[in-house]
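Okay, structure first, notes after.
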Amino acid sequence: MKNAFAIVTLSALLSACAVVPKQAPEPAQAPDLAALPSTPGDALATIARQEEPLPSVELTSDLFYKLTKAELDFKRGQWQSAYISMMVLAQQTRDPRLAKRSAEMALAAKQGNEALAAIRLWRELAPDSDEAAQYFLGFSVLGDDLSEAEQLFAQRLQAAPPATRGLAMFQMQQFLLRAKDKAAAFALMQRVLKPYDSMLETHWCWPRAPMRRKTRNAPRPKRSVRWPSSPIPSWRP
C-alpha cells in the first residue's frame, strides 16, 4: 500500500515537469452567458479554479532521480533532505508546484519556519495563485509583523469585484481572528477597511472585540444601593 501511494505521489510530481506541446491558438469565441457565475460565491470559486501559467521543464534523467530520491527520503522520515531537495528543484525549475510540495513536507513535519519559507517561494513563483495567498495569510497573521499581511489584504480587497468584495472582507476578518496580537490585528482591519466605509459589509466587519476586552478588564463601578424607607411596603386593600 505504501509503495502504491509513493508511486502515485511521484507520478504527480513528474507530471509537474512534463513538457506540454505547444498548440495552435484557437479562434476567439463568444462567452457562454449560461456558464457565468450567478452568485458572489460562484465568482470566487471560479477565480480560485483558474489555471496558473506553468514553466515548460524538460524531464531529464538527473531531475527524475532527484525527484524520486526526495520522495523516498520523505517516506522514510528524512524530511530535511527531502525538503531541501524540493526547494532547490523549485528554485531551479521555477515550478510553483514543487514549492507547494516543499510546504506540504514542512507542514507534515510540523516545521513552521520551513513551511513559511516554502510558501514565500510558492507565492513568488505563482503570484496570482489564490491558494498560495491564503496559505501565506494563514501563517503571516500568526507572527509578530503584520505589515506583509496588511499589504496583501489591501491588494485583495482592491482587486476584488464589487460583488465579491464583501466576502473578501469577511474572509479577512476570519484570518485576523487567529492573530496572536489582537490589538494590532484589529488596527490593521480598521486601516484596510477605511476606504470602504460606505459599504454595509464594512460596518459588519468593524472590530468590536477590543472594546469588549477593555470593558471586561476595566474596574467595575460601585453601585449605589437605595434601601426602602420602610422594610414592609405599604399596601392598601
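The two residues A117 and Y83 come nearest to each other via the heavy atoms CB-OH, 3.8 Å. Listed here is the closest heavy atom pair of L98 and A90: CB-CB, 3.8 Å. When all heavy atoms are compared, the tightest approach of D73 to A82 is CB-CB, 4.2 Å.
Dense packing is recorded around CD of Q78, with more than 12 heavy atoms of other residues, nucleotides or ligands lying under 6.0 Å away.
One distance of note links CG of L157 with OH of Y196; it measures 5.0 Å at 0.5 Å rounding. Distance check, rounded to the nearest 0.5 Å: CD of Q171 to CG of L176 gives 11.0 Å. Atom CE in M169 sits 11.0 Å away from atom CE in M189 (nearest 0.5 Å). For the atom pair S81 OG and M105 CE, the distance stands at 9.0 Å (nearest 0.5 Å). For the atom pair NZ of K75 and CG of L72, the computed distance is 9.5 Å after rounding to the nearest 0.5 Å. Distance OG/S129 to CD/Q134: 9.0 Å, rounded to 0.5 Å.
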- Task: Tell me, with the steps shown, if L107 and Y135 meet side-chain contact (heavy atoms from CB on, under 4.5 Å).
- Result: CA-CA 11 Å; L107 288 173; Y135 266 84; 3.9 Å; yes
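Within the 3.5 Å criterion, the main-chain N or O of L63 finds a donor-acceptor partner in the side chain of T60. S140 places a side-chain N or O within donor-acceptor distance of the main-chain N or O of L137, the cut-off being under 3.5 Å.
Under the 4.5 Å side-chain contact rule for hydrophobic residues, Y65 and L89 do not share a cluster.
Comment: E148 does not engage R123 in a salt bridge, judged by the lack of any side-chain N to carboxylate O separation of less than 4.0 angstrom.
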